[in-house]
Structures are given as structure tokens and as C-alpha cells.
Number of protein chains: 2
Amino acid sequence: MPRKVDVEQQKSDIAEAVWRLVGRAGLEAVSLREVATEAGVSMGRVQHYFRTKEAMLLYGLRLAQRRMHERIEARLVRRPDPDAEDVLRAVLEEMLGGDHDTRQTIRICVAFLPRALDDQQVADLLYADDAEIRAHAARVIGQAQAQGRADPGLDPEREARILWSLAGSLGVEVAFGRTSVEEARATLSYHLDRLLGSSARRPERADRT
Amino acid sequence: MPRKVDVEQQKSDIAEAVWRLVGRAGLEAVSLREVATEAGVSMGRVQHYFRTKEAMLLYGLRLAQRRMHERIEARLVRRPDPDAEDVLRAVLEEMLGGDHDTRQTIRICVAFLPRALDDQQVADLLYADDAEIRAHAARVIGQAQAQGRADPGLDPEREARILWSLAGSLGVEVAFGRTSVEEARATLSYHLDRLLGSSARRPERADRT
DNA sequence: GTCATTACGATGCGAACGCATTGCGACGTG
DNA sequence: CACGTCGCAATGCGTTCGCATCGTAATGAC
């Protein structure tokens, strides 16, 4: 077997160039030539790794979402023995777009929204975790009610829906520069305090415990 | 003076073709030829009324938003002596995308989001009313507090932010087929009930009072 | 009727597009 | 040390793009 390179590395290098272009000016800004230039490689290379433009875009979206998942996991690792609420908070915090890559990912997802209308594959990618996380949020809210922390008059399903919409919306505002991360965080924190009780919970594990 | 046509009519006919294309598959789907075909006119006509593609798109966005404003006004006309809360509720209701044209407009706004990043003109159009409406919402919430209808512990500014984000987010979900209008309406109504007290207020004026 | 002016339809141009093809240098295997 | 395969760079093709140009039919002022 001949010449070997790190295929995944090459593909992700190209995908990241796609991200930058999409994040900067939307899907229309993406052409094979532009991607090649942005990645600092030849157009032949791009075509070697992606048979079609469509495949390249889909790979970029998929990878962006995987990276976002990894960032959420990383947040959880920093917590000792995370419970369901920790998981929810980690997801919400990630969605706010404090991280530069997250903002990029949010912009990418927004750019793909129109495609989801008639492309089931894109729709599946974009909405993959929605139902699961909403259900999870509802459970956490119900749990807080059972513990007497949350207003028993709340409808967990509806509140979960609202929370999810709110976090998503704040993330988009941040990603498109309409709101600062601090503002978004303060707003979400305010909402969560009213929903689950004070957010002053167990702190993240400090470095070198 | 020679041949006269209804210039505004012609321009809006073309703009509506742009809407259909954008609403169907995003900004990338818009080319002069496609627009001409969709509108059932010649490409020359399109170019006659819009000097550049950019001008055409901007006109489309502007007109879509003006139509949305008009629909909100129309909602208000159906209410006898509307107060500040009626205005807020009319705006929110419109944002949910119950109307087909509104859904189209929401999809158009989303499609333009990336452009707002480095096009101040687009940004101004997209975010024109945000601050005003948020301030208005905050006032309405404060007023409800003063009347003892709303929880005095609420922060009107933050609640206004949340309400605005929520309505926008629900509208986007509806516009992209992720949620039914009924669901969105129920969710918003649930939230408003907790925020302002029962939504069972003065009904709209019935036909033929 | 004459004429200026508006409203277009038709056509052409250069650039950029996605994609296919070709060829060759680099490398692990025998 | 050949040989076969992989990793690309280069180039070309047909299409589509936005836009400019040009010709002409229609119309109201005189």
C-alpha cells in the first residue's frame, strides 16, 4: 500500500474552511474554488475527498454538530458526578454560543434551515436531538417540582418547550452579534432561577482539586 | 408622456416571486432567470424594474416586512380601542406565523440573517423594530404588575427579552414546519397567562357587531 | 400625424460554477 | 528496485450566472 495521509485530518481541514465561509456569508458563499482557497489547498484536493459539493456540505454540518456534542461532553467532565440537571445546564450553556466554534456552528445550522424544508437528510441532522433534550428538560423540571424547588403550578412539558426555544433563540442572537454572551447568560440564568430555583448549585470542579 | 403601467404592482409581482423562491429553498435559489420564470415574465422586465439583483432582494425584504406591519395593523383594527397590551398581543400573534404570508416572511428574514452580519442595510431592516417592541413589552409587563395581575417579583426587562425571544423562536419553528401553529399558540398563551394573568380578555370585535 | 418617451423582449458577454478527466509524483509492498 | 496504488494538481467542459446592450412596440402630448 502506497502513500498514507491522515484522511480525517484532511477532511476536517476542508470542513473547517467551509465553516468559515458559511459563518461569514452563508451557504451561497461556498464554492469549491472558494473552499480550496480558504483551506489553502488545491481544488483537486477538495474534490478528492468529497465527490460532490453536497457531500462536502453535509460532512461539514455533521462534523460541526459532532464537535458541539464533544464540547458538551467536555463541560460534563468538569463536573463531579453530574446529575440530570447538570446535563441540562451543560447543554443550555453550550447553546448560548459562548464558544467561538459554537457561534460558528449555530450560524451553519441557520444557513441550513431552508434546506431542511425539502431535504430529509438535513432535517434529520438539524433536529436530531430536539425531542430528546426537550423530554430531558421536562423531566428535570418535574424533578425540581417533586423536590419542592419549582413552582408546582408549572407544566413541565410546556416549560421545557419554552426553555428550549429560549435557549435556541438566545444562541442565535449571540451568534449573529445581536446580544452579548453575558446578556444571554444572564437572561437564561434569570429564567432558570425562576424555573428550577437558584442556579447557585454545586460549582464546577476547580482545577487541581 | 408615453406608455404608463402600475409600477408598484409590477415590482411587487416580481417581489412575490422572489418570496416564493426564497421561501422554498433559500436565497441561493434566487437568480434573475428563476425569478422571471416564477413571476411568469421576461428577464428583461425584471431587469427593467430592478437595476441589480441586490436591489431586487432588498426590495423584496422591505416589502415583505411592510406587509407584515400591515397585517398587524389589520389585527388591531379588529379590536375596539386597543390598549398597550392589545398591541403587544397583536404583534406576538402575528409573529407566530399563523398566516401563510407571515411564514414566508419569517423564512425570508432567516435567509437574510447571514447577510446582516456585514451588511448594515440588511441589519437595519431585520432588526428595525426589535428594541421598540421589547421596550413596549416591558412596559406592558410593568403595567400588569402595577395592576396586581402579574407577579411583582418579575423583572419586566428580562421578561420582555424572554417573551420576544420565545415568540421569535416559535415563529421560526412554525415557519419551518417543526411545530404547528396551534402548538405555538398554546405555548405562547401558556407563557402569557403566567406573565400577565389570564389571556381571557376582551374578545376581538365580532363581525357585524 | 409626429414625435419623444416609456416599457420592455431578445440576445450576447465574460466570469464563475460543479464536475470529469488526465497525469504524475510519492510511497509501501513484493 | 520495480511495481502498483494512492494522493493529489492541472486542465478542460458544458452550464449558468449577473449584467449590458440594442431594438421595438406602445402610448400620450402636441
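Letters go in sequence order (proteins before strands), and every chain restarts at 1.
- Summarising the geometry, the separation between CZ on A:Phe50 and P on C:dA20 is reported as 16 Å, rounded to the nearest angstrom.
- Distance check: B:Thr179 OG1 to B:Arg185 CZ gives 13.0 Å after rounding to the nearest 0.5 Å.
- Although no hydrogens or angles enter the test, the distance criterion places a donor-acceptor pair under 3.5 Å between the side chain of B:Arg103 and the main chain of B:Gly98.
- At C:dA16, none of the side-chain N or O atoms of A:Arg33 fall inside 4.0 Å of OP1 or OP2 (strictly under the cut-off).
- Annotation: proximity of residues 6-16 of chain B to DNA chain D (heavy atom, distance under 4.0 Å) is found for no residue.
- Contact check on B:Arg24 versus B:Glu38 returns a salt bridge, with a Lys/Arg side-chain nitrogen under 4.0 Å from an Asp/Glu carboxylate oxygen.
- Salt bridge A:Arg115/B:Glu28: present, at least one basic N to carboxylate O contact under 4.0 Å.
- Applying side-chain hydrogen bond (donor to acceptor under 3.5 Å, both in side chains) to B:Tyr190 and the options A:Glu157, A:Glu159, A:Arg158 leaves one that passes, A:Glu159.
- Atom pair B:Leu57:CG and D:dC17:P shows a separation of 14 Å (rounding to whole Å applied).
- Note on A:Ser31: every side-chain N or O is 4.0 Å or more away from OP1 and OP2 of C:dA16.
- D:dG18 atom C1' lies 12 Å from atom CD of B:Glu54, rounded to whole Å.
- A:Val46 comes within 4.0 angstrom of nothing in the nucleic acid, heavy atoms only.
- One interatomic measurement links the two molecules: CE of B:Met56 to C1' of D:dC17, which rounds to 12 Å at whole-angstrom precision.
- Expressed to the nearest 0.5 Å, how far CG of A:Leu125 lies from CG of A:Leu58 amounts to 6.5 Å.
- In this structure, A:Ala25 and B:Pro114 approach most closely via the heavy-atom pair C-CB, 4.2 Å.
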Look for any protein N or O under 3.5 Å of an N or O in nucleotides 20-23 of chain D and output each such pair with its distance, or none.
unit_1	atom_1	unit_2	atom_2	d
D:dA20	N6	B:Gln47	NE2	3.2

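- With hydrogens and angles left out, the side-chain atoms of A:Arg71 and A:Thr102 include a donor and acceptor closer than 3.5 Å.
- Straight-line distance from the NE2 atom of A:His48 to the P atom of C:dT21: 16 Å, rounded to whole Å.
- Atom CG of B:Leu32 is separated from atom P of C:dT11 by 18 Å (rounded to the nearest Å).
- Contact annotation for B:Val30: backbone-only contact, meaning every heavy-atom pair under 4.0 Å involves sugar-phosphate atoms and none involves a base.
- For B:Gln10 and B:Asp6, the side-chain atoms include no donor-acceptor pair closer than 3.5 Å.
- The interatomic distance linking B:Glu28 (CD) with D:dG18 (P) rounds to 13 Å, in whole Å.
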